[in-house]
Amino acid sequence: MYQKGRAWIELDMEHLKHNTEQFRRLLPKDCALMPAVKANAYGHGAVPVSRALQEHGVKSFCVASAAEGIELREAGITGEILVLSYSHPEQFRDLLAYDLTQTVVDGNYAEELHRDGRKFTVHVGVDTGMHRLGERWENIEEIVRIFQFSNLKVTGIYSHLCVSDGITQAERAYTLEQIHHFEHVAEELHRRGFHGFKCHLQGSYGILNYSELCFDYARAGIALYGILSGKSDWVNAAVDLKPVLSLKARVESVKMLYQGESAGYGLTYSAGKNRKIGILSIGYADGVPRNLSNCGYVLCKGKAAPIVGRICMDQMMVDFSGIEQVKAGDEAVLIGKSGELEIRAEDMAQWAGTISNEILSRMGERLERIAVN
Ligand SMILES: *Cc1c(COP(=O)(O)O)cnc(C)c1O
C-alpha cells in the first residue's frame with residue numbers, strides 16, 4: 001500500500017510509545033496525557049499517531065480546529081477531543097455532530113455559544129499572562145458568568161504558559177506567576193460552588209521544567225514526538241526522549257558539475273573544482289525550508305552531503321563528491337540516521353533559523369507517512 005516513492009516520512013511507533021511512557025512516569029499519577037496532535041500531529045500524520053496513542057491508552061487529545069477533530073473522529077478516535085482555538089458559528093453544528101469539546105476563547109464567545117441555543121461541551125480558556133486566547137484571569141466575575149450560561153457544559157478550564165522554556169530568573173518568575181493566577185481562578189471557582197471541572201496548564205516545557213505541578217491533564221506536543229524546540233534547549237526533568245520522525249527522499253540523478261560551472265536557480269552555487277552533484281526528489285513544497293539553500297547537509301550511505309544551490313519546489317541538490325557508488329534510486333536522509341550519523345529536526349531548525357515545531361508542522365501533504373516499527 002505504501003510506497004517509498006519520491007519522498008516520505010518514516011514513523012518509529014516504538015519511539016512514540018517509549019516517549020508516552022516517559023511522560024507517564026514523569027507526570028503525577030492522576031494527571032492524564034492530552035497529546036497535542038494539531039497540525040497533522042506536528043507533521044507526523046494525525047491519524048496514525050492518534051491511533052497509536054489510543055492503543056497505548058490515551059483517552060484525550062487536543063487539536064487546533066474543528067476540522068482536525070473531525071478527521072480524528074472519522075478515523076475512529078473515541079476519546080475526548082479538545083479544539084484549542086476559535087470555531088466559527090458555521091462550525092457549531094460539527095462540534096455537536098462529532099462530539100468535540102470547544103475552547104471558550106473569551107466571555108463574548110461564551111455568550112455567542114450560549115445564544116445559539118444548542119448545548120455545547122466546553123473548556124474555558126483563562127489568560128494568565130500570554131495574552132493570546134482566554135478570558136483574563138483577573139475577570140473572575142466574567143469567568144463565573146461563563147460557568148453560569150445554561151447552554152454551556154463546562155468540563156474544564158485551562159491556560160497556556162509562554163516562557164516555560166526559559167531558564168532565566170525573570171522567565172521562571174513569570175511562569176510561577178502564571179501558575180499562581182491559574183490556581184487562583186480554580187480555587188475561586190471552587191469557593192463559589194463550581195466543581196467537577198478539569199484543570200490543565202502545561203505543554204511540553206511546562207511538563208519538563210515544572211514537573212512538580214499536579215493538574216488533571218498535560219498537553220504534551222513537541223516533546224512527545226521525541227524532540228525539543230531548539231538544539232540548545234535545556235530542560236529540568238531527566239527524561240529519555242527518542243525522535244519519532246525521519247524524513248527521506250530518493251536520489252533522482254547523479255551528475256558532474258565541472259570546475260567553474262554553477263547550478264540551480266539564480267546560479268547561486270559554483271563549483272570551485274569538479275563536483276559530483278546529486279539531485280534529490282524533495283523540495284520546499286515538501287517542507288524543506290528554502291533558506292537551507294547552500295546551507296546544511298543531508299546523509300547518504302553514512303556520510304554527509306552538503307546542500308548546494310537553491311532549494312526548488314520539488315527538488316534540491318547536494319554535493320556527493322565524497323561518497324562512493326551513489327546512484328539514482330538510493331535513499332537520502334534529511335532528518336534521521338544513516339550509519340553512525342544523525343540529523344535531528346533541531347539541527348535542520350537551527351540551520352533554517354527557526355524551531356523544530358515549525359519544521360515538523362510544515363511537512364508537506366504529498367509525503368507518504370510510513371510506520372516502520
Ligand atoms: C500547541 C499547544 C500545546 C502543545 O505545545 P508543545 O510546546 O508542543 O508541547 C499545548 N497547549 C496549547 C494551548 C497549544 O496551543
Side-chain angles (χ1 to χ4, degrees), residues 16 19-20 22-24 26-27 31-44 46 49-50 53 58 60-66 68-69 72 80-87 100-106 109 122-135 137 156-167 171 175 178-179 182 198-211 213 215-231 233-237 239 241 243-245 345-346 349 354-363:
L16 182 65
N19 298 339
T20 305
Q22 287 286 306
F23 271 106
R24 285 205 173 118
L26 183 65
L27 290 166
C31 180
L33 266 184
M34 182 191 259
V37 290
K38 59 192 185 183
N40 205 18
Y42 292 50
H44 292 61
V49 164
S50 303
L53 290 168
V58 169
S60 304
F61 299 86
C62 49
V63 294
S65 69
E68 289 182 347
L72 297 191
E80 178 179 20
I81 300 177
L82 171 63
V83 178
L84 293 169
S85 45
Y86 175 87
S87 297
L100 306 175
T101 302
Q102 173 59 43
T103 293
V104 171
V105 302
D106 57 28
Y109 189 62
V122 299
H123 282 199
V124 177
V126 179
D127 173 10
T128 55
M130 182 173 183
H131 306 314
R132 190 173 64 174
L133 294 181
E135 184 55 49
W137 71 275
I157 66 170
Y158 75 94
S159 189
H160 196 45
L161 302 171
C162 51
V163 285
S164 58
D165 57 332
I167 54 170
E171 289 165 323
T175 302
Q178 283 195 275
I179 295 164
F182 185 64
K198 308 283 191 188
C199 297
H200 48 110
L201 178 63
Q202 301 145 284
S204 294
Y205 284 85
I207 301 166
L208 295 171
N209 287 333
Y210 301 85
S211 55
L213 296 177
F215 291 110
D216 298 301
Y217 296 120
R219 304 185 305 268
I222 189 71
L224 194 65
Y225 304 102
I227 56 171
L228 295 176
S229 294
K231 192 170 163 62
D233 285 3
W234 179 91
V235 293
N236 238 320
V239 280
L241 300 172
V244 175
L245 175 144
E346 293 98 328
T354 183
I355 56 174
S356 54
N357 311 45
E358 183 180 358
I359 295 288
L360 293 175
S361 64
R362 299 180 75 165
M363 290 284 140

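First listed ligand is number 1; within each ligand, the first listed atom is number 1.
- For ligand 1, the polar-atom distance check against Gly221 finds a nitrogen or oxygen pair separated by under 3.5 Å.
- Listed by number with element, the atoms of ligand 1 under 4.0 angstrom from any heavy atom of Ala36 are 4 (C).
- Of all the heavy atoms in Leu133 and Ser85, the pair that sits closest is CD1-CA, 3.9 Å.
- Among protein heavy atoms, atom 13 (C) of ligand 1 sits closest to His160 ND1, 3.6 Å.
- For atom 10 (C) of ligand 1, the closest non-hydrogen atom of the protein is Arg219 NE, 3.4 Å.
- By the 3.5 Å distance cut-off applied to N or O atoms, Gly203 is not counted among the residues near ligand 1.
- Aromatic rings from Tyr210 and Tyr205 are positioned such that their centres are separated by 6.0 Å or more.
- Ranking protein heavy atoms by distance to atom 9 (O) of ligand 1, first place goes to Ser204 OG, 2.5 Å.
- Side-chain contact of Glu358 with Tyr42: a donor-acceptor pair under 3.5 Å is absent, judged by distance alone.
- Of the protein's heavy atoms, Tyr42 OH, 3.5 Å lies nearest to atom 5 (O) of ligand 1.
- Heavy atoms of Met34 stay at 4.0 angstrom or farther from ligand 1.
- Between the side chains of Ser164 and Asn209, no donor-acceptor pair is found at a separation under 3.5 Å.
- Between the side chains of Ser87 and Gln102, at least one donor N or O sits under 3.5 Å from an acceptor N or O.
- The closest side-chain donor-acceptor pair between Tyr86 and Ser65, if any, does not fall under 3.5 angstrom.
- Where the criterion is an N or O separation shorter than 3.5 Å, residue side chain and backbone included, Lys38 meets it with respect to ligand 1.
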